[in-house]
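Contents: one structure, followed by commentary.
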Amino acid sequence: MRLVSVVGARPQFVKAAVVSRALRAAGIEERLVHTGQHYDSLMSDVFFSEFDLPVPYRNLGVGSCSHAVQTGEMMIRLEPVVYDCEPDGVVVYGDTNSTLAAALVAAKLCVPVIHVEAGLRSFDRSMPEEVNRVLADRVSDLLLAPTSDAARQLRSEGVTAPVEVVGDVMVDLALETLRRLPAKPAILGRFKLRSKAFALATIHRASNTDDTVVFARLIAGLRSTQMTIVFPVHPRTLALCKTLNVGSGDNIITCEPLGYADMLALQTHARVVLTDSGGVQKEAVTVGTPVVTMRDRTEWTQTLDEGWNVLAGNDPREIADAAQRMPPKRRIYPYGQGDSARLIVEAIRTHVPRTKRMASCAS
Ligand code: UD1
């Protein structure tokens with residue numbers, strides 16, 4: 001069996017790392033294509049070396065542009081690659097523009113689309129990610145859902161293609177990395193932090209970074225926690241941080257985007273994590289650190305169980321209050337215990353038999 005996997009943005013490198021390794025171990029040939037959506041070394045290259053990901057078979061070199069141009073360029077450049085590879089399936093991850101572009105290209109070439117992280121919904125169509133995930137699910141031939149709620153959602157939308165509940169691959173990597181973390185990770189020393197005496201923040205969603213007023217409210221919330229906060233800044237957030245002097249004369253330590261192991265170490269040792277990222281919400285809960293989500297909704301609703309995650313929107317007061325709460329007593333593992341990659345490979349083996357449908361519908 002030969003698969004093409006398409007990645008382009010930071011969280012997809014994390015997910016692909018685990019699945020790629022499991023595919024290799026199962027003797028399945030994989031050609032990894034990088035769309036180039038994330039291109040800064042600290043947003044892309046570091047993950048390839050840190051995870052020992054295979055060198056991409058192709059890098060499509062599509063950088064930053066409007067949604068339509070970015071998605072369209074990816075489709076134009078990806079189509080001949082998929083065509084030439086004659087794969088038995090195309091694997092797409094999550095909800096980015098790279099996900100949608102790859103799903104559409106494969107579907108139009110009649111190559112089975114395998115969607116990892118299917119069925120999640122925020123029910124907010126103003127989010128580009130929601131549009132991407134709904135459409136990717138519609139054209140997918142194998143839908144790999146992280147939870148039974150996500151699988152139910154797909155059924156309720158009339159999906160008839162196979163749906164398998166496989167947990168979340170990000171949990172596989174988080175638990176594996178957690179086991180290997182030293183007792184005193186070097187990153188704590190770099191920022192002179194004591195375990196459980198600081199917070200960690202990330203902000204990159206369009207809804208939080210396209211409007212300076214909204215971003216200023218989030219920063220006001222972070223400042224009024226009065227905790228030392230480490231804030232690795234996503235490239236799209238950099239200019240706003242400069243405008244608001246984030247990190248000068250306040251409780252916030254800004255830094256460049258960090259590698260995976262450093263991020264996981266900070267999530268593990270933080271007293272609380274404040275974020276608008278989907279991946280970080282899950283990772284923090286998995287390693288047992290409470291989360292404040294700076295959005296009105298989350299697709300990862302199970303993180304809210306027992307109070308591990310609290311939705312604070314962009315209200316400075318709610319953000320600061322939620323950050324002060326005590327951690328819940330009972331740990332939760334709503335997205336599996338680290339066996340997701342194995343279940344994904346099993347599902348692919350079962351549902352993606354070798355077919356030669358492509359040639360007949362490619363012209
Ligand atoms: C994308 C995904 C989001 C995912 C996030 C992880 C979409 C619609 N959104 O958002 O689901 O959670 O990645 O980071 O696909 N930029 C750089 N260097 C880079 C990458 C981006 O400078 O390496 C800047 C560009 O100026 C660009 C902006 O960041 O305009 C946004 O990048 P884009 O790839 O559109 O989306 P993300 O916000 O990263």
Side-chain angles (χ1 to χ4, degrees), residues 6-17 34-48 56 59-75 77-78 92-104 115-118 120-122 124-137 146 168-170 201-212 214-215 218 231-243 254 256-260 263 273 275-284 291 293-295 297-300 303:
V6 181
V7 294
R10 188 166 56 172
Q12 292 167 328
F13 310 138
V14 175
K15 293 165 199 166
H34 189 328
T35 62
Q37 177 170 353
H38 284 176
Y39 44 88
D40 286 349
S41 165
L42 292 176
M43 296 289 287
S44 173
D45 302 353
V46 290
F47 296 98
F48 279 78
N59 189 322
L60 305 179
V62 180
S64 303
C65 17
S66 73
H67 283 282
V69 174
Q70 191 176 58
T71 313
E73 273 301 322
M74 286 173 187
M75 290 184 67
R77 297 182 199 189
L78 182 62
V92 301
Y93 293 92
D95 58 17
T96 72
N97 290 342
S98 301
T99 314
L100 177 61
L104 287 176
H115 187 196
V116 176
E117 223 174 80
L120 293 175
R121 298 290 179 264
S122 66
D124 176 3
R125 289 281 170 97
S126 70
M127 287 175 67
E129 291 85 356
E130 181 75 354
V131 176
N132 291 342
R133 55 173 91 94
V134 167
L135 294 178
D137 282 341
D168 178 12
V169 278
M170 286 182 104
T202 76
I203 304 173
H204 77 270
R205 291 275 165 196
S207 54
N208 282 336
T209 54
D210 283 353
D211 181 341
T212 316
V214 171
F215 186 71
L218 303 184
F231 180 16
V233 180
H234 185 286
R236 90 178 297 153
T237 317
L238 205 54
L240 283 166
C241 283
K242 288 198 176 121
T243 309
T254 57
E256 74 289 355
L258 298 171
Y260 181 81
M263 263 305 276
V273 171
T275 190
D276 62 1
S277 151
V280 174
Q281 289 173 58
K282 292 176 285 176
E283 282 168 358
V291 181
T293 293
M294 296 182 284
R295 286 171 53 192
R297 295 187 180 88
T298 177
E299 312 71 53
W300 300 100
T303 58

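Counting starts at 1 for both ligands and their atoms, following the listed order.
Residue His234 has at least one heavy-atom neighbour below 4.0 Å for each of these atoms of ligand 1: 14 (O), 29 (O), 37 (P), 38 (O), 39 (O). Taking every heavy atom of Ala9 and a limit of under 4.0 angstrom, the matching atoms of ligand 1 come to 13 (O). Near Ser64, meaning under 4.0 Å from one of its heavy atoms, ligand 1 places the atoms 25 (C), 26 (O), 27 (C), 30 (O). Every atom of ligand 1 with a heavy atom of Pro11 under 4.0 Å away is listed here by number and element: 6 (C). Counting the atoms of ligand 1 from 1 in the order shown, those under 4.0 Å from a heavy atom of Asp95 are 11 (O).
Atom CE of Met75 and atom CG of Asn97 lie 12.0 Å apart (nearest 0.5 Å). One distance of note links CD of Gln37 with OG1 of Thr71; it measures 8.0 Å at 0.5 Å rounding.
Salt-bridge check for Arg295 with Glu299: passed, with a basic side-chain N closer than 4.0 Å to an acidic carboxylate O. Ion pairing between Asp276 and Arg205 fails under the 4.0 Å rule for side-chain N and carboxylate O. Of the charged side-chain nitrogens involved, none lies within less than 4.0 Å of a carboxylate oxygen, so that Arg121 and Asp95 do not count as a salt-bridged pair. Classification of Arg133 and Glu129 as a salt-bridged pair fails, no side-chain N sitting under 4.0 Å from a carboxylate O.
Across His204, Glu130, Gln70, His38, heavy-atom proximity to atom 39 (O) of ligand 1 is greatest for His38. Taking each of Gln12, Arg205, His67, Arg236 in turn, the one with a heavy atom nearest to atom 31 (C) of ligand 1 proves to be Arg236. Compare Arg10, Gln37, Met43 by their heavy atoms: the one nearest to atom 7 (C) of ligand 1 is in Gln37.
For atom 2 (C) of ligand 1, the nearest protein heavy atom (residue, atom name, distance) is Thr96 CG2, 3.8 Å. Here the heavy atom of the protein found nearest to atom 24 (C) of ligand 1 is Pro235 CB, 3.8 Å. The protein heavy atom nearest to atom 8 (C) of ligand 1 is Asn97 OD1, 3.5 Å. Remark: minimum distance from atom 18 (N) of ligand 1 to any protein heavy atom is reached at Asp40 OD2, 2.9 Å.
Heavy atoms only, all atoms of each residue included: Pro146 and Ala118 are closest at CD-O, 3.3 Å. The two residues Met294 and Leu218 have their closest heavy-atom pair at CB-CD2, 4.0 Å. The minimum heavy-atom distance linking Cys241 with Phe215 is given by the pair SG-CZ, 3.8 Å.
Residue contacts with ligand 1: Glu129 is placed with a nitrogen or oxygen under 3.5 Å of a nitrogen or oxygen of the ligand (distance criterion only).
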